[in-house]
Trainee: 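Following this message is one structure expressed as structure tokens.
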Amino acid sequence: WLQMGHRLSSDMNKIRVFVDHTLGEAQSVPLNKDQAHYIFSVMRKRIGDLILIFDGNNGEWLASINEISKQKGNLLCIKQTKPQINPPDLWLYFSPLKKTRTDFIIEKATELGVRKIIPIQTERTNADRIRIDRLNAHAREAAEQCGGTYIPKILEIQKLNEALKNFPSDRKLLFCDEELKQSKVKFNSLTKGKWSILIGPEGGFSDIERNHLLALEFTHRISLGPRVLRADTAAVTAISLWQNYLGDW
């Protein structure tokens, strides 16, 4: 394909775009307005240049630019450069924080390998409304920048009681309790399978919520160490430990 007039730029690895279109060999891929603006106006690419694209399901592909306009464009898949790599079956339940810290959790959960993200509202949650479109955009950007081929599904915010009521019977819940300084339950003593991690709000869980969680048979209470961590730090720590002992690291 290099002999057909396609150009490999030295900064090709910096241009990696998620596309909402199924990818495959010789597949034509349309670009939306924002993607066309970024690739053609910001990155100054032209017909024949090569970029990397992924759709979240079919790995990463090298694609050539076949059509350029102000409002749209068109790419052609050349060959697959990375297979689809899905994360383990790990979900993250977390209480939304201030805007930038919630964004941080979404980005790091995407990079570390989480399959689904469920924002929850507790008694002490500061934010009761979130913008799913903005969170999805952060997840896409994180996958684009870190080389991932999977983007976690992000659900609408739901109350903690409702989330626990509808919790899948074949899944286990790792309750990261900030009041538990030491725990008999260690990550290396847990068994592999379908898991979810629960991270509470900045003010912690209420006594009623904590007692409810501990009464559930699928709950595994665990400590994240002797120091109290901020909620966003706790999320990254818990995911990292789970991936190390029970995931695909």
Side-chain angles (χ1 to χ4, degrees), residues 87-143 146 148 150-168 171-180 183 187 190 194-206 208-210 212-214 216 218-225 227-247:
D89 197 351
L90 175 64
W91 297 0
L92 173 66
Y93 289 85
F94 82 102
S95 178
L97 309 170
K98 294 179 181 179
K99 182 179 177 181
T100 55
R101 292 174 64 189
T102 291
D103 295 344
F104 176 85
I105 290 177
I106 297 297
E107 292 169 1
K108 300 314 170 188
T110 301
E111 293 177 24
L112 291 169
V114 168
R115 189 167 295 190
K116 185 181 292 187
I117 301 174
I118 306 99
I120 56 167
Q121 184 178 359
T122 69
E123 291 184 23
R124 297 170 180 168
T125 298
N126 291 328
D128 57 359
R129 299 177 65 184
I130 58 173
R131 285 184 51 190
I132 292 295
D133 59 336
R134 184 172 62 82
L135 298 186
N136 280 324
H138 280 289
R140 289 195 299 269
E141 290 171 4
C146 73
Y150 181 87
I151 298 176
K153 182 178 181 181
I154 304 175
L155 303 187
E156 292 284 352
I157 190 169
Q158 51 189 275
K159 293 183 178 180
L160 175 61
N161 287 341
E162 196 66 24
L164 295 175
K165 179 181 177 181
N166 298 320
F167 197 81
R171 186 172 293 273
K172 300 175 184 178
L173 181 67
L174 199 62
F175 170 32
C176 301
D177 190 352
E178 74 280 356
E179 290 196 358
L180 187 65
S183 173
F187 277 89
L190 302 174
K194 296 180 179 180
W195 281 90
S196 295
I197 291 174
L198 174 62
I199 301 294
E202 292 175 302
F205 292 101
S206 69
I208 293 177
E209 291 171 333
R210 180 174 286 102
H212 183 191
L213 284 163
L214 295 177
L216 299 172
F218 53 77
T219 296
H220 296 257
R221 187 187 188 198
I222 199 164
S223 169
L224 294 179
R227 289 164 287 280
V228 176
L229 305 178
R230 289 188 2 169
D232 46 347
T233 306
V236 172
T237 301
I239 296 171
S240 299
L241 288 170
W242 188 93
Q243 285 282 25
N244 183 58
Y245 288 104
L246 302 172

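Just so it is clear, the values below take in all heavy atoms, side chains as well, and ignore hydrogens, waters and symmetry mates.
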Trainee: Working note: Asp177 + Leu213, criterion side-chain contact (heavy atoms from CB on, under 4.5 Å); need CA distance, chi angles, decisive distance, verdict.
Mentor: CA-CA 10 Å; Asp177 190 352; Leu213 284 163; over 6 Å; no
Trainee: Could you measure the distance from the NZ atom of Lys165 to the CG atom of Leu160? Nearest 0.5 Å is fine.
Mentor: 13.5 Å
Trainee: Looking only at heavy atoms, which two atoms of Gly200 and Ser95 are closest? And how far apart?
Mentor: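 Looks like C-CB, 3.8 Å.
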Trainee: Distance alone, cut at 3.5 Å: any donor-acceptor contact between the side chains of Ser240 and Thr237?
Mentor: no
Trainee: Please lay out, stage by stage, how Asp89 and Arg171 fare under the test salt bridge (Lys or Arg N to Asp or Glu O under 4.0 Å).
Mentor: CA-CA 9 Å; Asp89 197 351; Arg171 186 172 293 273; 2.9 Å; yes
Trainee: Looking only at atom types and distance, does a side-chain atom of Gln243 sit under 3.5 Å from a main-chain N or O of Leu112, one as donor and one as acceptor?
Mentor: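 Yes; judged by distance alone, with no hydrogens or angles, the pair exists.
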Trainee: Using a 3.5 Å distance criterion without hydrogens, assess whether the side chain of Tyr150 forms a donor-acceptor pair with backbone atoms of Arg115.
Mentor: yes
Trainee: What's the separation between atom CD1 in Ile239 and atom CH2 in Trp195, rounded to the nearest 0.5 Å?
Mentor: 14.5 Å
Trainee: Nearest heavy-atom pair of Leu198 and Leu173: which atoms, and what distance?
Mentor: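 Reported closest heavy-atom pair: CB-CD1, 3.8 Å.
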Trainee: Could you tell me whether the side chain of Glu209 and the main chain of Glu123 form a donor-acceptor pair under 3.5 Å?
Mentor: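 Here the side-chain-to-backbone pair exists.
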Trainee: Would you compute the distance between atom NZ of Lys108 and atom OG1 of Thr233 and round it to the nearest 0.5 angstrom?
Mentor: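 Between atom NZ of Lys108 and atom OG1 of Thr233 there are 11.5 Å.
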Trainee: Quick one: does Trp91's side chain get under 4.5 Å of Ile118's, heavy atoms only?
Mentor: yes
Trainee: If every non-hydrogen atom of Ile154 is compared with every non-hydrogen atom of Asn136, which pair is closest and at what distance?
Mentor: CD1-OD1, 3.6 Å
Trainee: Could you measure the distance from the CD1 atom of Ile222 to the CG atom of Leu180? Nearest 0.5 Å is fine.
Mentor: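 So the CD1 of Ile222 and the CG of Leu180 are separated by 8.5 Å.
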Trainee: Main chain of Phe205, side chain of Arg124: is a donor-acceptor contact present, judged purely on distance under 3.5 Å?
Mentor: yes
Trainee: Over all heavy atoms of both residues, which pair between Ile130 and Pro119 is shortest? Give the atoms and the distance, please.
Mentor: CD1-CG, 3.4 Å
Trainee: Can you tell me how far the CZ atom of Arg134 sits from the CD1 atom of Ile106, to the nearest 0.5 Å?
Mentor: 9.0 Å
Trainee: A side-chain contact here means heavy atoms from C-beta on lying under 4.5 Å apart; do Ile117 and Leu135 qualify?
Mentor: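 Ile117 does not reach Leu135 side chain to side chain.
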Trainee: Taking all non-hydrogen atoms of both residues, which atom of Ala231 and which atom of Arg101 are closest, and how far apart?
Mentor: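 Nearest heavy atoms, Ala231 then Arg101: N-NH2, 3.9 Å.
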Trainee: Report the distance from atom CZ of Phe175 to atom OG1 of Thr219, rounding to the nearest 0.5 Å.
Mentor: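 Answer for the CZ-OG1 pair, Phe175 versus Thr219, is 8.0 Å.
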Trainee: Going by heavy atoms in the side chains, are Ile197 and Cys176 under 4.5 Å from each other?
Mentor: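 In short, these two side chains touch, coming nearer than 4.5 Å.
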Trainee: Decide yes or no for Phe187 and Asn244: does some side-chain heavy atom of the first lie under 4.5 Å from some side-chain heavy atom of the second?
Mentor: no
Trainee: Is the shortest heavy-atom distance from the side chain of Ile199 to the side chain of Ile105 under 4.5 Å?
Mentor: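 The answer is no, as the side chains (C-beta and beyond) never meet within the 4.5 Å cut-off.
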Trainee: Please give me the minimum heavy-atom distance between Asp232 and Leu97, naming the atom from each residue.
Mentor: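 What the structure gives for the nearest pair is N-CD1, 3.9 Å.
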Trainee: When you compare the side chain of Lys98 with that of Asn126, does any pair of heavy atoms fall below 4.5 Å?
Mentor: no
Trainee: Could you tell me if the side chain of Asn161 sits less than 4.5 Å from the side chain of His212, heavy atoms only?
Mentor: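 They are in contact (side-chain heavy atoms under 4.5 Å apart), so the answer is yes.
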